[in-house]
Amino acid sequence: MTFDTPRPGHEDVAENAIELKDVQGLSQGQIVWRRFRRHRGAIGGLLALLAVVGLAFTSIGFGPIPGWWQHTPSSRLDLINPMGRPTMALPTWLGGSGFAIGDAPFGQDEIGRDIFARTMRGVQTSVQVMVIIGLVSAVLGVLIGACAGFYRGWIDQGLMRLTDLIITFPLVVVGAVLGKIAGGGNVALLALFLGLLIWPGMARLVRGDFLSLREREFVDAARVAGASDWRIIRKHMIPNAMGVIIVNLTLVMSAAILLEAALSYLGFGVQTPNVSLGLMISQYQSAFSTRPWLFWWPGFFIIVLVLSINFIGDGLRDAFDPRQKKVPTARQMARAARKIEKGAPQ
Amino acid sequence: MVMFLIRRLLASTMVVLVSTFIMYLLVDIALDPLESLRLSTDPNVEAQRAARVAMLNLETPVILRYFDWLGGVTGCLWGSCNLGVAWTTSQPVTGLLAGVVATTLQLVTAATFIGMFFGIAVGIISALRQYTGFDYSVTFMSFLFYSLPVFWVAVLLKQWGAIKFNNFLRNPDFPVWFYVLMVFTVSVVAMGMVGGDWITRVKVLGVSSLGTLGVLLYMDLTKWLIDPSMGIVVLALIAVGWAFLVTMLSTGLRDRRSLGGALTVAGVGVALYYPMFYVWVWLPVSWPLVIALGVLAVLVGLLIGRLWGGPDPWRTARTAALTAIPVSSLLFFERLFMTWETYTTHSLIRGRPIATFGRRTPNLEGSFWLETTDLFTHLLLPTITLVLIGYASYTRYTRASTLEVLNQDYIRTARAKGLTERTVVMRHAFRNALIPLASIAPVDVITILGGAVITERIFAWYGMGRMFLDHLAANDIAPVMAYILIAAIFAVVANFVADLCYSILDPRIRLNA
């Protein structure tokens, strides 16, 4: 493969052409989205996340809405294959016995429950927990961090001592204690409690950002124009801190999934008859040598969820960071160079 | 400085007090000590209930009980600790703690350092090779490790790392695919790490694949997995290899005196090969002695370096002392490996050395070497689990901070002065890139202690986390609070150490602020 490289002396111009196209006449959202789109890992993560969430919520339905899958997580069926082996088979060219999905693609457990339906319900639990923890910690963290950073003085001191205090709690430990109080029955309540613990990281970052933002000219301008404190925080400062908030939020969300799974595994999180991926692993781990499929799928879906969110977070961090200049590929440089040669409008 | 220490101490004490107070209230709500009596059909259940209420002072308001507990805890300051009694087993908590803290430290220490070491090394290399295939693969791997649920990995490790591996040990012939896989992986990774133009790449690829092939053939043909002792020739080769590696990183191979010092240390190590066996026989071997010998080796290394002299003798001394660490460890492990066959054929082990749970094989008693081998085989799987997770976050941190440092002006200045790339990276970039880690590492150690809750549970190590979980499930407040107290103290101390390290390493930061 050969690319026509830009003529000597034209590298800067070519690079600038790419750079300029990035920013001309676009809002911040559009710029971020453009940069985000170029991050292959992040787009892959986004697609994987959408696919998994879509599959989980449409297949077995959610709440009163029915799904298209034939079984429910708790119904007991007759064993389709001996031992409840998965009916899903690989296509022949991958060494399988011909592609098929069958009635129990991920297999069945020892009492005949469909593992596909159970895993999908587990994914739903994880997503619910992730969203609730994300929301609670984002609202609390942004609010507390914003107040501390904006007002400084004794409010800052008080709020920061509070965050220091909560940061000293080991998460798994307090989670276990709170999980025992929330008592398994209610996933949303458990997530709410955990959300009340995870916000300090967010608060610290937002506070740091606000401490520097409040010295900037546009804040003074807004104040001279007569804006109230609340309006300045809401309309002028939070949008400027959005990058930090969103990136941190993805970290919190991926950590939340792992935390819930770990607590449920230890027996202090979600409890039967509710289904959680961590709980499934804990129930089925002893069957690993005889029925490995019971164990593979929940773990696989935890990894897919957490990994894709981490990749999205990485892409967002790059997209929001104004200093981050992605090195253009040889192909892009060549294209920009050709445009300059032709004198085409940029 | 003194004022800072005092203020910090007061603030930390307050944090510990308030956090234990809140946790005491929460734990009290969470636990129900009468739970076991609710389902009881015993006719005198009322009497039992009354007795338990009286024993645990359940009639007293929880706040008063907290101060009661706190009174016992403050006793620790003048040496009469009273952390309460675990009522389910009627053991005093202080007695319980001594054992479990030691167990947890044993579990966590090695894993923390190994994870940190590899994480930092890989992070720096991946930053130096930014936007290459190597960098992308490392990033992907660290994200993957970061996303792995501990308990899931642990089950897989037990299956493949212990059960299947022990089966394999019965007849340890490497299959052909293993050769292909290892040679391919090692050579491609080495190529990515070294980088450079394509001639260098091809050279590295060739050398590293031949080297890997040689090592694998040696291991396969000598049945290394059954009798891992190396013998003096192989040990000498490895020691010389270390001497070259350490010199390359520490001062560069062009510094002949340093190379000479390092090689002398390696030579002394090889010369001590046979005499050491007498040392191990005649001295009562124990961990303190082993550590003392290690320190002695470093001192001898320093001395050898000084004797080589030169215009900057401390450079040589540093290199020689650094070489002494791997060389003396080689001698230690050689002696340990000689016990391996005795260990695997022991009647309690029966050829299945890698353990899946517990801290030691019950009833196994023997020499220091046998028991140490036993400890290591038990440590192996939990350590791998903990390393995977710690390694991932250190790689990310180190990569980010190294990239930040490499963009600084002083790096450009160093390059412009004509310094070699080794000097630029090791002297100017590496040291400064480590500064942010000083504030992360202590906090991370605490997180590992918290994370060890799960690891301890899976691998059945009875450490602090296990004590916490078991007693939380059994509604026993005293051991739970002891764990929380220790965790809170650790967290406060870790934050303090982080701040202190940061201010020592980065003079721009003032502590008094």
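Lettering follows sequence order; numbering is per chain, from 1.
Leu277(A) pairs by the side chain to side chain contact (heavy atoms under 4.5 Å, CB included) definition with Thr119(A), Val123(A), Ser126(A), Met280(A), Pro298(A), Phe301(A), Ile302(A), not counting sequence neighbours.
In terms of heavy-atom pairs under 4.5 angstrom with chain A, the leader among Leu26(B), Ile29(B), Val155(B), Val15(B) is Val155(B). Options Ala473(B), Ala494(B), Ala491(B), Ser19(B) differ in how many heavy-atom pairs under 4.5 Å they form with chain A, and the most are formed by Ser19(B). Ranked by heavy-atom pairs shorter than 4.5 Å toward chain A, the options Thr139(B), Leu148(B), Asp32(B), Leu472(B) are led by Leu472(B).
Heavy-atom contacts from other residues, nucleotides or ligands closer than 6.0 Å to CZ of Arg412(B) number 12 or fewer.
Between the side chains of Tyr284(A) and Arg118(A), at least one donor-acceptor pair of N or O atoms lies under 3.5 Å.
Taken to the nearest 0.5 Å, the OG1 atom of Thr88(B) stands 12.5 Å off from the CD1 atom of Ile477(B). Separating the CD atom in Gln285(A) from the CG atom in Leu156(B) is a distance of 11.0 Å, to the nearest 0.5 Å. The CD atom of Gln130(B) sits 6.5 Å away from the CG atom of Asp135(B) when rounded to the nearest 0.5 Å.
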**Message:** One pair to check against ring pair (Phe, Tyr, Trp, His ring centres under 6.0 Å): Tyr24(B) and Tyr66(B). What are the steps and the verdict?
**Reply:** CA-CA 7 Å; Tyr24(B) 199 93; Tyr66(B) 169 74; 5.6 Å; yes
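In this structure, the portion of Ile484(B) lying under 4.5 Å from any heavy atom of chain A is its side chain and not its backbone. Only the side chain of Met23(B) comes within less than 4.5 Å of a heavy atom of chain A; its backbone N, CA, C and O stay farther away. Heavy atoms closer than 4.5 Å to chain B are found in the side chain of Ile281(A), but not in its backbone. Proximity to chain A involves both the backbone and the side chain of Phe143(B), based on heavy atoms less than 4.5 angstrom apart.
Using cut-offs of 30° and 60° on the angle between ring planes, the pair Phe300(A) and Trp297(A) is perpendicular. Below 30°, between 30° and 60°, or above 60°: for Phe295(A) and Trp152(B) the angle between ring planes is below 30°, a parallel geometry.
Among residues 305-312 of chain A, the residues having any heavy atom closer than 4.5 Å to a heavy atom of chain B are, in sequence order, Val306(A), Leu307(A), Asn310(A), Phe311(A).
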